[in-house]
Amino acid sequence: MIEDLFNNKIKVTAEYQALIAKINLCDKKYYQEDDSIISDAEYDELRIRLNEIEQQYPELISKDSPSQKVGYVVQKDFNKVSHSTAMLSLANAFSGKDVDDFIVKIQNFLNLSYFPEICVEPKIDGISFAARFENGKFVLGITRGDGVVGEDITENIKVIKSFPLELQGEVPNRLEVRGEMYMTKNNFKILNQQQEENSGKIFANPRNAASGSLRQLNTQITAKRNLDYFIYTVLTDDSFADNQYDALQKISKLGFSINPYIKIFKSLDDIIAFYQNINETRYSLVYDIDGMVYKVNNFALQERLGHVARSPRWAIAHKFPAETVTTKLEDIVIQVGRTGVLTPVACLAAVNVGGVMVTKATLHNEDEIKRKDIQIGDIVTIQRAGDVIPQILKVNFDKRSNSKQFIFPKKCPVCGAAVERIADEAMTRCVGGMKCEAQILGSLKHFVSKEAFNIDGLGEKQIEFLYRKNLIKNFTDIFYLEKKQQDSAIKLENFSGWGKKSVENLFAAIKLQKNISLDKFIYGFGIRYVGQNNAKLLAKNYLSIKILLEEISNSLCIENDKIVINYDSVSYKNFINIDGLGDKVVNKLLEYFTDQDNFDMVNELITILHIKNFELVQQNSKIANKIIVFTGSLEIMSRFEAKNMAEKLGAKVQGSVSKKTDYVVAGEGSGSKLKKATELGITILDEKEWQDLISTQN
Ligand code: IVH
């Protein structure tokens, strides 16, 4: 026994030394030569194993260990943390008139006869975060998340060079700052060049790059990406400052970065002039901004104004108009999506729109091409707003010469099957179904996506690769992959970018996801109209895959040797009667199962997987089986979230008040429903009482 332990320790010591050597070599290559000799995931694995050994055998820790040198860590996951107060978002203004309305509303709300001081700040196009300090020491960093709960990114913030971890001078005991993390346009360009060389992920814009860089389990990567930040919110004792402008100046003196273009104005004309000035010069800034934020400067007035839904009444974002440029449309190609929709895409002569190179624009559908009279060879004006796919605004007809009309294909360009246009729909679809490669690939990608089976290490790129190598052709192949690999001559680990460890990890991730909830299983098929919500509705109503499949079978019959929907069956009617589902969804669901191949595949999957029954309502929930109606706007939770929460706790949420209603949760601006509830003597809860009710569930 003791001998075993001894032998094991010798083995671990050798492994530990090897790990140190390998990580140090990777670090040297990465930091001094800008070269990655292994993938990020493989590097993370090494660091995790190193941490494990050091935790289990602290006596082994060597001064050469990378853990002893720099303050970088590799985490296994991000913990979820609640925000001290909700991180709200901003309502948008798109014109001077919208801004005027915003000011008038404030004046009316506060009964002001004067123009309130407005603090004007650039709206940084990055990713927001919150950072807490206790007695001047940085203790916690959180992403925005859903505004109520975010992810713990303390270790990542620690490696942001310009971020102060210890504050000097007169510092409040408790302080929280919120701001925007961003990547400069230049750093973004360099990063994408490096990513291209290392076959890494190419980021669409600096904001995505900032977000991807901040949320890294390996903080060494965050450190290398050179992020910057600006603080725009200070939460602390009332005595710190009585207005936004002063709070920011004070925080800047404590060592935080604030944006240099922050000013106070007292008239609409001055605000708009400043906005226009910044809009015209914004391309010369080293970071992206997508508008200006106007905030009532005085904190006491902010407090009185409060917020509505998820945005404060005291602030608004005045967005800059979308960026437009002209370029040549060189070609039109057709992409076929998961459900067979043919989408025309414009191939453009590469053009820089506000710092981002654009080569493609969506054309939506055949009608859009006709409506805008777009032809191949045209000079077009394109628009890019935020990170949405650029759109073609118009054709510059005066520059048209030798343009060629685009003929929309009559056959699917991928599989050659016929295409059809459904009446009332602008979309053209390939009828090839699961015989069309584009649809198979799209379905496979959907099946493994985050919201469905969420298989770690099996993204779009890997699916495409495995498909081309004939290793995964349908859903079931995913779960046979490991077994088939054992007897196969084509070994995944021999392909570049895979490696032994990542293949092992992939098999482990696939195994893990064999345990799947019923709703995710249903959603995974990617049946048209059966999105996450409808999949949940089906799961909730049928509870187990066995019952659901029985009911599907009972809704089908054979007619002229073909499986068809039996519209007269009781089971079909039961489907239709599910509140919120509707015949369009039910018909698509059943149509999917009229294809024998699909039916067989689902039946095979249920023998491979463990499909968890839908979780029944918490037995001791106080609102189980109660009928609840939400009205007006809620501030802490969105109505959607509140509804979800109520349903999770077993309540039935209805749209209108009746005698049967148990509770009416009335937010701000409740009207006729509240009145009716009062008349019927129904229990009315305000948002606070509603929160109390659900938070006391056990
Ligand atoms: S104030 C309650 N100020 O814009 C007010 N936000 O759509 C909270 N942003 O989520 C935001 N620059 O990520 C504020 N100077 C600025 C900002 C700013 C960028 C972002 C922030 C927020 C989003 C609002």
Side-chain angles (χ1 to χ4, degrees), residues 83-94 98-99 102 106 118-131 141-151 153 157 176-184 205-211 214-215 227-236 241 243-249 251-252 256-265 271 274-275 278-279 282 285-299 301-320 385-388 633 635-636 638:
H83 284 292
S84 55
T85 59
M87 274 183 95
L88 302 173
S89 58
L90 295 168
N92 289 326
F94 296 99
D98 290 348
V99 182
F102 163 70
I106 288 171
I118 300 292
C119 182
V120 180
E121 309 167 11
K123 184 168 184 298
I124 317 300
D125 198 6
I127 161 174
S128 51
F129 71 100
I142 324 177
T143 59
R144 180 178 189 281
D146 62 4
V148 179
V149 174
E151 285 175 326
I153 46 158
I157 292 200
E176 179 168 330
V177 290
R178 291 177 177 180
E180 201 84 348
M181 202 61 77
Y182 66 89
M183 184 177 283
T184 62
N205 51 45
R207 168 154 45 94
N208 288 5
S211 164
L214 187 61
R215 285 188 71 263
L227 294 172
D228 281 296
Y229 73 93
F230 287 122
I231 297 301
Y232 54 65
T233 295
V234 184
L235 302 173
T236 186
N243 66 68
Q244 167 75 358
Y245 187 84
D246 290 350
L248 292 183
Q249 300 309 317
I251 212 77
S252 148
F256 292 98
S257 305
I258 60 163
N259 190 278
Y261 302 97
I262 299 177
K263 278 182 179 241
I264 296 180
F265 292 102
I271 291 176
F274 187 54
Y275 164 89
I278 300 275
N279 185 26
R282 67 181 154 125
L285 295 175
V286 296
Y287 45 87
D288 275 340
I289 61 173
D290 58 348
M292 299 299 280
V293 184
Y294 307 147
K295 299 175 182 170
V296 168
N297 194 35
N298 184 290
F299 284 153
L301 293 185
Q302 284 189 7
E303 180 90 27
R304 278 175 57 197
L305 284 159
H307 37 89
V308 60
R310 311 205 100 195
S311 326
R313 272 200 201 85
W314 46 264
I316 200 160
H318 189 183
K319 302 295 281 267
F320 292 130
D387 61 352
V388 296
S633 52
E635 299 190 354
I636 304 165
S638 68

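Atoms within a ligand are numbered from 1 in the order they appear, just like the ligands themselves. Worth saying up front: this structure is predicted, and the values here are computed from it rather than measured.
- With sequence neighbours excluded, the residues forming a side chain to side chain donor-acceptor pair (under 3.5 Å) with T184 are N187, listed by chain and number.
- Closer than 4.0 angstrom to ligand 1 by heavy atom are L88, L90, E121, P122, K123, I124, S128, E180, Y232, V293, K295, P312, sorted by chain and number.
- In this structure, NZ in K123 is found 11.5 Å from CZ in R282, a value given to the nearest 0.5 Å.
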For this session: Show your reasoning for whether side chain to side chain contact (heavy atoms under 4.5 Å, CB included) applies to F320 and I289.
Result: CA-CA 9 Å; F320 292 130; I289 61 173; 3.7 Å; yes
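- Looking at every heavy atom in both residues, P260 comes nearest to Y287 through CD-OH, 4.2 Å.
- Taking the ring centroids of F274 and F265, they lie under the 6.0 Å cut-off.
- For Q244 and E121, the side-chain atoms include at least one donor-acceptor pair closer than 3.5 Å.
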